S.K.: 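Dropping the structure in here first, questions after.
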Amino acid sequence: MSENTTPEPELTDAEVSEQKAVRLAKRDRLNELGLEAYPVALPITDNIPAVRARFGDLEADATTGVTVGLAGRIVHLRNTGKLCFASLQSGDGSRIQAMVSLAEVGEENLELWKDLVDLGDHVFVSGEVISSRRGELSIMVREWKMASKAVLPLPNMHNELNEETRVRSRYLDLIVREQARANVFARAKTMASLRSTFTSLDFIEVETPMLQVMHGGASARPFVTHSNAFDMELFLRIAPELYLKRALVGGIERVYEINRNFRNEGADSTHSPEFAMLEAYEAYGDYNSIADLTQKLIQDAALAVAGSHVVTWADGTEFDLGGEWDRISMYHSLSDAAGVQITPETSVADLQAMANKEGVEVHLANHGKLVEELWEHFVKDGLTRPTFVMDFPVETSPLVKEHRSIPGVVEKWDLYVRGFELATGYSELNDPVIQRERFVQQAALSAKGDVEAMHLDEDFLKALEHAMPPAGGMGMGMDRLLMAITGLGIRETILFPLVK
RNA sequence: GGGCCUCUAGCUCAGUUGGUUAGAGCAUCGGACUUUUAAUCCGAGGGUCAAGGGUUCGAUCCCCUUGGGGCCUACCA
């Protein structure tokens, strides 16, 4: 530390809460007595879930003759005169009771336990595995050591933390709320399941740049940063798409990436500025084959997390992700719901009139944006089952191949689950000449003030000019996938969401 | 971005139509207790009522500004 650094202001008693001061004093006392407050190693022989699994069905008031040494965080303390009880919790939420009795540990050790051990501490105990008179699986402690002293108190275990504290201090949330731990495991299981499904189908996982010279692959506002080494503006990626397509050109024919995207846009219950995204591309596939793949990925993940295609959401509703999912046409479903025939030939004026009548506002309206907004207005909320909405207008989809038989439409689907867009899939555009035209059209939108329009990416076009195989491609929000399987809000699916 | 609501003890929350000393449960401190399960019983301490400014004899309460959070709304996954 340098001489002219402003010294840390010393905390006076008034600035440390009473509870923290008391615990700091206990920490000091442990060290003074030569009982380390933060020992480097402990003679651990077992863990709580393993002991529970082995002795969980012990009768009340039984002994085993088996001695174990294990550690856990104290989540309840019941000190009586000569026999103290503590509930130790392990990382998976399982608990075991420790009993500290005068007869077993002696007067001095019992007093030290009562004086120095607080709720929230990690402690090590060793002793015989027994069952209390009430039948609680317990360790009759012969020896105990502090494993790590908590100098701040645990929040009380009997009220839920408010949402702000949960998100800001997720570690506390994880300690006191079973569901918070379950969410972490659900996410990990989902990720493992996706990778396992991909591996079984010979897909290769790659990592592509997050810092990009030119952002592309989606319509969104980027975060901008600066490289000192190159003295240039760089963008945090909004999508990996254009790099994964370069991989396709290079012959990596079944490729996927699971990683973070960054979009400088609104944050709410279904949007976070950084979010995990899966993108997958399959050479010689199309939007139908990639829809099959998407359905399988999600159904496998549901099976891994919930043990069934029927998942139960946080609010108790059951939702069936099983079976073959509906595939409906955007134009047909819109026409049916609106009671008017709407086709790729319907004029902007007619669509605009309908939007005005319905009170649907469309920014920088063109045929495609109007159709999509009207579709959301008329059809979206009526979808109760997982549904692929197929065949989008060409204007809003600059990276998609034109439909094989319907003019004015592209081979794109959006997958709707639980009222939100969970994934999107394409028959990928691989004609470099048409791709260049689409970029030029986007550039024109950009010039008109559409901040989300894509930019012309010469380097990507050059890759396409070397011929990308025909391919189906798909993108899916990982946080949303968790939301679809668990029914949680996005801030619950992300372990540490961005907070100000 | 716009609108509405909110911030009180370590945690979760009451409350004050503006008036002496701001409350509860858990937690903490002292005492009792060898089978507790949010242990129980007796006693005690703990607050810049988000921050700053204003109105007032007097503000935690009313007004303004700033900050944090939530809900609705618009845009994006």
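All values derive from a computational prediction rather than experimental measurement. We name chains A, B, ... by the order of the sequence lines, and we start the count at 1 in each one.
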S.K.: Where each residue is assigned the nucleotide of RNA chain B containing its nearest heavy atom, which of A/M157 and A/T165 is assigned the position nearer the 5′ end?
M.R.: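 The residue mapped nearer the 5' terminus is A/T165.
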
S.K.: Contact class for A/Q97 (heavy atom, under 4.0 Å): base, sugar-phosphate, or nothing?
M.R.: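 Touches a base.
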
S.K.: Would you indicate what A/T424 reaches in the nucleic acid, counting non-hydrogen atoms under 4.0 angstrom: base, sugar-phosphate, or nothing?
M.R.: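 Contact class for A/T424: none.
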
S.K.: Would you please confirm or rule out a distance under 4.0 Å between OP1 or OP2 of B/rA39 and any side-chain N or O of A/H76?
M.R.: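 Answer is yes, contact under 4.0 Å.
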
S.K.: At 4.0 Å (heavy atoms only), tell me whether A/Q19 reaches a base, stays on the sugar-phosphate, or touches nothing.
M.R.: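 Since a base atom lies under 4.0 Å of A/Q19, the category is base.
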
S.K.: Pick base, sugar-phosphate or nothing for A/K114, based on heavy-atom distances below 4.0 Å to the nucleic acid.
M.R.: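 Touches nothing.
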
S.K.: Using both distances under 3.5 Å as the test, list the Watson-Crick or G-U wobble partner of B/rG1, or none.
M.R.: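 Paired with B/rG1, as far as the under-3.5 Å criterion goes, is B/rU73.
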
S.K.: With distance as the sole criterion, do the side chain of A/E136 and the base of B/rU37 form a donor-acceptor contact below 3.5 Å?
M.R.: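 Counting by modelled atom types and ignoring angles, a donor-acceptor contact under 3.5 Å is found here.
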
S.K.: Would you indicate, yes or no, if B/rA27 has its OP1 or OP2 atom less than 4.0 angstrom from a side-chain nitrogen or oxygen of A/N156?
M.R.: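 No, outside the criterion.
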
S.K.: Would A/D391 and A/Y287 count as having a side-chain donor-acceptor pair, cut-off 3.5 Å?
M.R.: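 Looking only at side-chain atoms, A/Y287 and A/D391 do form a donor-acceptor pair, the distance falling under 3.5 Å.
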
S.K.: Classify the side-chain pair A/S169/A/T165 by whether it contains a donor and acceptor separated by less than 3.5 Å.
M.R.: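 No, A/T165 and A/S169 have no side-chain donor paired with an acceptor closer than 3.5 Å.
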
S.K.: Taking the six-membered ring for Trp, are A/H76 and A/H158 parallel (under 30°), tilted (30 to 60°) or perpendicular (over 60°)?
M.R.: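 If you compare the ring of A/H76 with that of A/H158, the planes turn out parallel.
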
S.K.: Paired with B/rA32 by Watson-Crick or G-U wobble geometry, both distances under 3.5 Å: which nucleotide is it?
M.R.: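 Result: B/rU40.
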
